[in-house]
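Step one of this worksheet: look at the structure below.
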Amino acid sequence: YHPPVKRSVTINGHQTSISLEPLFWDMLKNASAKRGQAVNALVAEIDAARIRSVTPPGLASAIRIWLVAQILPD
């Protein structure tokens, strides 16, 4: 177990900090590489979907949920 690590990302030209555990940062980097896009672009995509939600979670939570959903079977 490792504590969250805070990193800065840029979403639509706006810089923000996100705290995620190292495992989730690694998963996010791997997911963005598989999709052929930058981490910032993937975070922006997740953020846009999060904002459209009826009850939007925080961005870090949305990222974790998105990442876990990618590995769960349909």
Side-chain angles (χ1 to χ4, degrees):
Y1 296 99
H2 297 284
V5 175
K6 186 179 279 192
R7 296 201 177 134
S8 294
V9 296
T10 303
I11 302 171
N12 299 322
H14 173 70
Q15 196 165 19
T16 189
S17 294
I18 302 171
S19 292
L20 294 171
E21 294 76 10
L23 172 68
F24 287 107
W25 281 118
D26 291 343
M27 291 173 70
L28 187 61
K29 285 184 220 171
N30 289 338
S32 66
K34 284 181 183 176
R35 294 167 66 103
Q37 64 186 151
V39 169
N40 287 343
L42 179 53
V43 170
E45 189 177 308
I46 295 168
D47 187 47
R50 170 188 79 92
I51 291 169
R52 290 190 302 269
S53 175
V54 175
T55 55
L59 181 55
S61 293
I63 292 169
R64 289 183 189 97
I65 292 165
W66 186 90
L67 289 167
V68 169
Q70 300 307 300
I71 61 172
L72 293 177
D74 290 335

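What you are looking at is a predicted structure, and each value in this text was computed from that prediction instead of being measured.
- With rounding to the nearest 0.5 Å, the separation of NE2 in H14 from CD1 in I11 is 7.5 Å.
- Hydrophobic clustering of Ile, Leu, Val, Met, Phe, Trp and Tyr side chains at less than 4.5 Å, counting indirect connections, keeps V54 apart from L59.
- At least one side-chain heavy atom of S32 sits under 4.5 Å from a side-chain heavy atom of V39.
- Closest approach of R50 to P56, counting heavy atoms only: O-CB, 3.3 Å.
- Taking 4.5 Å as the limit, every side-chain heavy atom of Q70 sits out of range of all side-chain heavy atoms of M27.
- R64 and S19 get closest at one heavy-atom pair: NH2-O, 3.3 Å.
- A distance of 9.0 Å separates CG in L67 from CG in L23, rounded to the nearest 0.5 Å.
- Annotation for L20 and A60: closest pair CD2-O, 3.7 Å, computed over non-hydrogen atoms.
- Here CD of Q15 is found 8.5 Å from CG of N40. Values are rounded to the nearest 0.5 Å.
- Taken to the nearest 0.5 Å, the CH2 atom of W25 stands 6.0 Å off from the CD1 atom of I63.
- The hydrophobic clustering, which links ILVMFWY residues whose side-chain heavy atoms are closer than 4.5 Å, places Y1 and V68 apart.
- Residues W66 and V43 form no side-chain contact, since every pair of their non-hydrogen atoms from C-beta on lies 4.5 Å or further apart.
- The two atoms that bring E21 and H2 nearest to each other are CG-O, 3.7 Å, heavy atoms only.
- The distance from atom CD1 of I46 to atom CD1 of I18, rounded to the nearest 0.5 Å, is 8.5 Å.
- In the hydrophobic clustering of ILVMFWY residues, with side-chain heavy atoms under 4.5 Å counting as a link, F24 and V5 come out together.
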